[in-house]
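We number each residue from 1, following the sequence as shown.
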Amino acid sequence: MTELIEFDAVNEYLVRTAGGLNVRHPDGGDHPLVGRRVPGVPLPPGRGVALRFDRSVPLDVSGWAGRVDLVTAEPSADVPAAALLARPDGRIAWATDSADPEGLAAALSTWFGAPARA
């Protein structure tokens, strides 16, 4: 085992397996990131986070402002998406590669309840 851990691929596999990073909880949505943990992004405890990696993607989370933070971040090779919605447990509830964020409102309602009335 000691010799195997010296191989980067084996080490990465063991870390992902022990940390639950290879587990996917499919919750709906077609994007391959849905149900996986958000890799390498610190999240505020007890709140959802809408992460926008492409500034052209319009994300409206105003109805959920008390429960979900909107953050614009630099693109990352670790997160192959234009935008995503992370649950408080760090799992991805919704993701898109498109500038047309179809399905975001449905995911917000599913995981964070009805939007607040203005």
Backbone N/O of Gly90 and side chain of Arg37: donor-acceptor pair under 3.5 Å: no
Heavy-atom donor-acceptor pair, Trp64 side chain to Gly113 backbone, under 3.5 Å: yes
Non-neighbouring partners of Ser62 that pass side chain to side chain donor-acceptor pair (under 3.5 Å), sequence neighbours left out: Asp60
N/O donor-acceptor pairs under 3.5 Å from side chains in residues 39-46, not counting sequence neighbours:
none

Where Ser56 and Pro58 come nearest, the two heavy atoms and their spacing: O-CD, 3.2 Å
Stepwise side-chain contact (heavy atoms from CB on, under 4.5 Å) test for Trp94 and Thr110: CA-CA 11 Å; Trp94 170 88; Thr110 297; over 6 Å; no
Member of Val49, Leu51, Val61 meeting the side-chain contact (heavy atoms from CB on, under 4.5 Å) criterion with Leu70: Val61
Salt-bridge present (Asp89, Arg87; N to O < 4.0 Å): yes
Any donor-acceptor N/O pair, Arg47 side chain to Gly66 backbone, under 3.5 Å: yes
Check: Gly48 main-chain N/O paired with Trp111 side-chain donor or acceptor under 3.5 Å: no
Steps toward side-chain contact (heavy atoms from CB on, under 4.5 Å) verdict (Leu59, Leu104): CA-CA 8 Å; Leu59 297 182; Leu104 176 59; 3.6 Å; yes
Sequence neighbours excluded and cut-off under 3.5 Å, please list the side-chain donor-acceptor pairs for residues 72-83, or say none.
from  : atom 1 : to    : atom 2 : distance (Å)
Thr72 : OG1    : Arg52 : NE     : 3.1
Thr72 : OG1    : Arg52 : NH2    : 3.1
Ser76 : OG     : Asp78 : N      : 3.1

For Leu85, the option from Val34, Ile92, Val68 that meets side-chain contact (heavy atoms from CB on, under 4.5 Å): Val68
